Structures are given as structure tokens and as C-alpha cells.
Amino acid sequence: LVLKKDTLVGDEKALLQGLASNDRKAIETIYKLHYKMVQGLIVANNGTAEDAKDIFQEAIVVLYEKATSGMFELNCQLKTYLYSVSRRLWLRRLQQQSRYLLSDTEHEHIAVEDDTDAHEQRDLEFGLMEKAINSIGEPCKSLLEAFYIHKQGMQEIAAAFGYTNADNAKNQKYKCLVRLKKLFFTQYKTENGDG
Amino acid sequence: MAMDDLKLLETVERYISGQMGPDERMQFESLRKTNPDVDQLVVEHTFFMRQLDRHGQTKKLRNRLAEVHTDLAAKGFITPPASRAKIIHLFNRYKRTAAIAASIAGITALAISVLVSSVTPVKQKNEIELLSGEIKAIKNENRQQDRKIEEAKRIHTAVPPAAPAITYRTGGTGFLIDAKGFLVTKAHVIQRAKHIAVQNNKGKDLKVAVVYMDAARDIAILKITDTAFKAAPLPYSIKRAAAEISEPVFTLGFPRNDMVYGEGYLAAKTGFNGDTLTCQIAIAANPGNSGGPILNRSGEVIGILSARQTTAEGVVFATQSKYIFNALKELQKDSAYKSLKMPAASSIKNLDRVQQVKKIADYVYLVKVS
């Protein structure tokens with residue numbers, strides 16, 4: 001089963017584009033179409049409904065990372081891809097508990113190790129950034145989130161955080177950013193073993 | 001942070017995000033070519049901004065996924081698996097009741113014991129090396145001591161070499177409450193230990209015995225077994241009355257092999273979930289700080305550091321010092337410990353912090369377990 005990107009069903013292409021832009025409708029559709037299948041796999045292999053939720057959501061994050069990577073080529077149906085990634089992710093979890101067997105439900109799967117390995121690194125980085133953000137304290141945390149995540153303007157931020165003008169808010173923001181960078185890189189270097 | 005550095009960072013950010021006009025861009029690019037520091041900053045900042053951006057995107061996606069999941073489950077599009085459905089339904093139904101029950105003391109204690117684990121040393125991914133290094137060092141020390149003992153024995157008698165060295169790891173912190181060698185620490189620090197020893201501020205190991213342990217209140221009293229041990233009178237006292245909110249406090253402990261000082265303030269008179277056994281302190285604590293004294297500015301012990309909340313930064317709980325009095329009272333029911341006496345007044349009340357810490361340091365011990 002090798003379906004090239006251009007032979008992908010139009011619907012699936014639209015779904016992936018929707019996912020890449022964090023579109024709620026698209027995510028809901030993917031959920032409705034494929035969640036049951038993944039839950040079946042996890043439950044058949046000693047997992048709970050909660051595990052199924054975790055694994056499925058992580059598989060969607062992997063798909064998202066691929067969809068936003070710029071060189072995305074999905075060589076199979078979305079269904080097969082999600083099944084394969086979920087399968088791989090669950091197998092990793094089982095391995096961590098020193099169990100290596102996994103019985104497949106009736107779906108086919110392809111090799112996705114490259115994608116899940118890349119995801120593992122991204123997930124590690126996500127964790128490092130999360131930790132760094134959570135340890136800079138307030139008002140830095142909210143200030144940086146407002147600017148870099150919620151993309152609010154400096155004027156708006158100055159008003160919301162009680163700075164007398166946008167320049168003050170900007171200076172504070174850069175000070176916070178420098179601290180965040182320091183926290184992040186200190187850990188990043190330890191984790192990646194070159195510090 | 002110098003103003004110039006901030007300006008430079010701002011410029012770099014405008015460069016990366018393409019907000020520069022063509023002239024400024026050219027100027028900046030030539031600066032980048034001639035100045036390796038600027039170039040390095042651009043590379044580093046580009047990487048960091050990508051990380052930050054990705055983090056934000058992924059976080060948004062994860063929130064969206066959680067939201068969709070909850071929504072679809074509520075609408076019945078997602079149904080839990082058949083065979084396990086019953087259990088899950090039951091759990092969901094009783095979750096509310098369980099949550100109410102959780103506020104009752106017994107279960108609060110359970111919740112705290114979960115928290116506690118975070119201040120008792122755990123082998124974290126990137127600390128494994130450090131930790132094993134520590135063990136090696138301690139092992140070596142032990143070997144050296146054993147060798148000395150063997151030598152001594154060989155001189156006096158002809159006894160064969162002693163038992164193999166015990167490998168200790170850091171358990172937590174403890175502090176003297178009586179100059180005859182009685183120390184208080186947290187019960188969870190020593191709970192599963194086969195062997196316990198304490199190490200003083202100068203790195204000297206001393207053997208101890210557990211003379212009192214109350215797991216429910218998480219307090220233990222140890223006694224240094226060396227009969228020759230005798231400390232000078234304690235500089236600090238143990239306070240019976242509760243401390244006041246916002247009162248500045250400090251602690252000494254062994255999150256690593258060397259003593260570490262930390263300061264903060266009393267944040268609340270109760271602990272996790274309103275627990276009345278403990279109080280809440282805003283202070284930086286790490287695994288190994290457990291069992292350390294929390295002192296106020298007069299040099300009175302107001303609590304024993306016990307746990308930190310893993311879901312928030314700088315939220316630490318300490319067992320209130322009045323429970324040390326309770327533990328002592330229990331212990332003194334045994335006539336062997338009748339003479340145990342805690343200092344009534346702090347002798348370091350009017351000293352500055354550096355002097356206070358200097359005096360206290362000799363009375364705070366690293367508790368090692370194996």
C-alpha cells in the first residue's frame with residue numbers, strides 16, 4: 001500500500017491542512033474517524049481508555065509535526081499512519097515496562113520509527129521549554145506567553161500588565177527572555193550531553 | 001543585564017523576524033559577517049525562537065486535543081471500551097465522592113506522602129551520573145575507614161578483615177535537638193533504610209540508631225551511638241508556638257554532599273489542602289532538604305522541612321515544630337530518655353545571619369541511608 005501524496009483523497013489533504021493550522025473542525029473529524037481504532041488497539045494490549053487517549057493524542061501531535069515540517073509526504077492513508085504511529089508509541093511504553101509483545105488488531109501498519117524518533121526529540125525539547133517557562137516565575141511567564149504565544153501587541157501587553165508604556169513592557173519582556181533562554185540552554189546542554 | 005545587550009537582542013529579533021528595512025538589513029548583515037559574537041547570537045536566537053514557537057504551537061494543539069476529547073466524550077462520539085466500561089463508569093461516578101473524601105485528613109496524609117517522594121532523593125534522568133559519583137566517593141571513604149580499622153585491629157589483635165563496606169546514599173537532612181546526640185529528621189527519609197549514618201559539616205561519619213519514629217506525623221528521632229559524642233550547647237531553640245505568616249525563615253540542608261543555605265518566608269499556617277500538621281513555606285528546596293530545620297530570624301526552629309508541591313514552584317511544606325515537642329514527650333515515656341532536654345532559648349538571637357548560620361552549621365547533619 002503506497003499511496004503517493006497526490007493520490008491522497010482530497011478530504012484527507014484538507015484534514016491535514018486543517019490540523020496544521022490547529023483547526024478545531026478538522027481535529028474533531030480526525031478524532032471521530034480514527035479514535036475508535038486506536039482505542040481498540042490499546043485496550044487489546046492491556047491499556048486503559050486513559051492510555052488510549054494519551055496515545056491517540058500523541059499520535060496526532062506526531063502527525064502535526066509531520067504536517068508542519070514543510071517536507072511532508074504521507075505515503076499512505078491517514079488511518080494507516082495513525083495506526084502505525086499509535087502502535088509504535090504504545091510499543092515503546094510497553095518496552096519501558098519490560099513487556100515486548102503486542103498483538104495487532106486487524107489493521108495494517110507501516111514503519112514509522114523515523115517519525116516517532118524525531119517526535120521523541122521534539123517531545124524532550126517541549127518538556128525542557130515547559131520546565132524553563134514554569135520556573136521563570138511571574139510576571140515573566142505571562143508576559144512572554146502573551147507576546148510569543150498569544151502574539152499580543154506591546155501596547156496591549158503594557159496595558160494588561162500595568163506598564164506605563166510599551167517601551168517599559170518591551171524592556172521587561174527582553175529581560176525575561178534572556179532569563180528564559182539561560183534556563184532553557186542550561187538544561188538543553190545537559191540533556192544533549194555536550195555541556 | 002546591560003541596556004546595550006537588550007538593544008542588541010531586540011535588533012537580532014527584528015532581523016530574524018524580517019522586520020528590518022533593506023538598508024538596515026544590509027548594515028546588520030555586514031556587522032554579522034565581521035563580528036562572530038553577533039553571528040553566534042543570531043544563530044542561537046534563531047534556534048531558541050524556533051523552540052519557543054514550536055512549544056507554543058504544540059501547547060495550543062495539546063489543549064485543543066484535550067478540549068475536543070472532552071467534548072466528543074460528552075456528546076457520546078467516544079465511548080470507552082466495552083469490557084472495561086463498567087469499571088470506568090463506576091470510577092467516574094464515584095470520582096466526585098472520592099474527591100470529597102480526599103479532603104478528609106487520612107487521605108490528605110496519603111496525598112502528602114506522594115508529595116514527599118519528591119523531596120526524598122530520586123534518581124532523575126540527568127542526575128544519575130552525579131548521584132553515582134557521590135556513592136563512589138562515599139564508598140571510597142568507607143573503604144579507607146575500613147582499611148584503617150583493619151590496620152588498627154591487626155596491630156592489637158589478629159582478627160581477620162571486617163565486613164564489606166556499606167554503600168550509603170544521601171537520604172536527607174537532620175539536626176540536633178539535644179547536645180547528647182539526639183537528632184530529629186523526617187520519618188520518610190529513613191523509612192526503608194537498612195543502615196543509617198549521619199555526616200557532620202566537616203564530612204565525618206557517625207553511626208546512629210533510630211530511637212523514635214512516627215510515620216503518620218513523619219517525624220523520627222535518631223541518636224548518635226558513639227558514647228564519646230558530646231556537642232556544645234545548642235545555639236538555636238525549638239519554638240513551641242506557631243510562626244506568623246510572612247515571617248522570614250531560612251534553612252540549611254544537604255540537597256547535595258555540601259551544606260546548602262536557603263531563605264524564604266512563611267506563606268501559610270497550614271499545609272497541603274489545609275493540613276494542620278504542616279505549614280507552607282515559600283523557599284527553594286530540593287531532594288535531600290527533607291528533615292532540615294526551618295528557622296526564624298531569632299534562630300528559633302519553627303518547623304522541619306518535609307515536602308514540596310511538584311505542581312508549583314517554591315511551594316514547600318514543613319512540619320510545625322510543636323510536633324517535635326510531642327515526639328519528645330512520647331519518647332520520654334521510656335525512662336532511658338528522661339534526661340533529654342531541648343534548649344529553651346536561642347543564643348543567636350541578635351547575631352547577623354552569617355554568624356547565625358556559622359553557629360548552626362555544626363548542628364545540621366547529612367542523613368545517609370543504604
Side-chain angles (χ1 to χ4, degrees), chain A residues 19-20 22-25 27-28 30-32 35-36 39-40 42-44 47-50 52-53 56-58 60-61 64-65 68 122-130 132-137 144-145 148-151 170-171 173-175 177-181 184-185 187-188 190-191 193, chain B residues 1-3 5-13 17 41 44-45 47-73 75 77-85 87-89 91-92 124-127 129-130 284 310-314:
Chain A
L19 173 64
N22 199 359
D23 174 59
R24 186 183 171 124
K25 200 107 209 121
I27 292 169
E28 234 177 64
I30 297 174
Y31 234 103
K32 282 184 192 167
Y35 182 73
K36 235 195 170 91
Q39 179 173 267
I42 304 301
V43 170
T48 62
E50 196 58 30
K53 176 183 160 189
F56 183 72
Q57 296 196 351
E58 208 173 335
I60 293 193
V61 173
Y64 169 87
E65 282 164 2
T68 50
R122 294 265 292 248
D123 204 42
L124 181 87
E125 289 164 2
F126 180 87
L128 291 181
M129 186 64 84
E130 185 79 358
I133 288 177
N134 283 333
S135 43
I136 48 170
L144 292 177
E145 278 176 352
Y148 290 105
I149 296 179
H150 307 301
K151 316 271 182 210
K170 203 162 74 182
N171 274 339
K173 185 209 82 177
Y174 279 115
K175 278 183 196 160
L177 190 66
V178 169
R179 276 180 56 203
L180 183 67
K181 267 176 88 166
F184 176 80
F185 280 117
Q187 284 183 44
Y188 188 84
T190 345
E191 286 288 331
Chain B
M1 193 76 233
M3 206 62 212
D5 289 345
L6 291 187
K7 271 270 173 294
L8 179 62
L9 192 62
E10 191 200 339
T11 313
V12 168
E13 217 171 281
S17 55
L41 185 62
E44 178 202 276
H45 203 65
F47 173 82
F48 182 74
M49 292 315 287
R50 200 180 66 221
Q51 289 290 337
L52 191 60
D53 193 51
R54 271 185 188 170
H55 180 267
Q57 300 290 349
T58 307
K59 201 160 178 160
K60 268 189 195 164
L61 178 67
R62 285 187 188 274
N63 289 342
R64 176 55 51 82
L65 285 168
E67 189 186 297
V68 167
H69 189 100
T70 313
D71 192 38
L72 291 183
K75 286 181 186 151
F77 284 111
I78 295 173
T79 44
S83 57
R84 284 157 201 263
I87 304 167
I88 290 155
H89 274 314
F91 176 71
N92 282 340
Q124 273 166 357
K125 216 169 152 197
N126 54 352
E127 278 176 15
E129 278 171 16
L130 241 168
T310 47
T311 49
E313 277 301 311

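Computed from a predicted model, the values in this text were never measured in an experiment. Just so we're on the same page: letters track the sequence lines, and every chain starts at 1.
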**Request:** Identify, with sequence neighbours excluded, every residue that meets ring-ring contact (aromatic ring centres under 6.0 Å, His included) alongside B:His55.
**Result:** A:Phe126
**Request:** Please name all residues satisfying ring-ring contact (aromatic ring centres under 6.0 Å, His included) with A:Tyr148, sequence neighbours left out, ordered by chain then number.
**Result:** none
Got a salt bridge between [X] and [Y], using NZ or NE/NH1/NH2 to carboxylate O under 4.0 Å?
{"X": "B:Arg54", "Y": "A:Glu65", "value": "no"}
{"X": "B:Glu13", "Y": "A:Lys173", "value": "yes"}
{"X": "B:Arg64", "Y": "B:Asp71", "value": "no"}

Chain B heavy atoms under 4.5 Å from [X]: which part of the residue, side chain, backbone, both or neither?
{"X": "A:Lys25", "answer": "neither"}
{"X": "A:Lys36", "answer": "side chain"}
{"X": "A:Asn22", "answer": "both"}
{"X": "A:Asp123", "answer": "side chain"}
{"X": "A:Phe56", "answer": "neither"}
{"X": "A:Ile133", "answer": "side chain"}
{"X": "A:Gln39", "answer": "side chain"}

**Side-chain heavy-atom pair B:Leu9, A:Lys181 within 4.5 angstrom cut-off** = yes
**Message:** Is any side-chain heavy atom of B:Val68 closer than 4.5 Å to one of A:Ile30?
**Reply:** no
**Request:** Below 4.5 Å from any heavy atom of chain A, which atoms of B:Glu44 appear? Answer side chain, backbone, both or neither.
**Result:** both
**Request:** Name the region of B:Leu72, side chain, backbone, both or neither, that has any atom closer than 4.5 Å to a heavy atom of chain A.
**Result:** side chain
**Complete:** Counting heavy-atom pairs under 4.5 angstrom with chain B, the leader among A:His150, A:Glu28, A:Arg122 is A:Arg122
**Message:** Quick check on the interface: out of B:Thr58, B:Leu52, B:Thr79, who has the most heavy-atom pairs with chain A under 4.5 Å?
**Reply:** B:Leu52
**Asked** After noting the C-alpha distance and the side-chain angles of A:Gln57 and A:Tyr35, does the key distance pass the side chain to side chain donor-acceptor pair (under 3.5 Å) rule?
**Response** CA-CA 9 Å; A:Gln57 296 196 351; A:Tyr35 182 73; over 6 Å; no
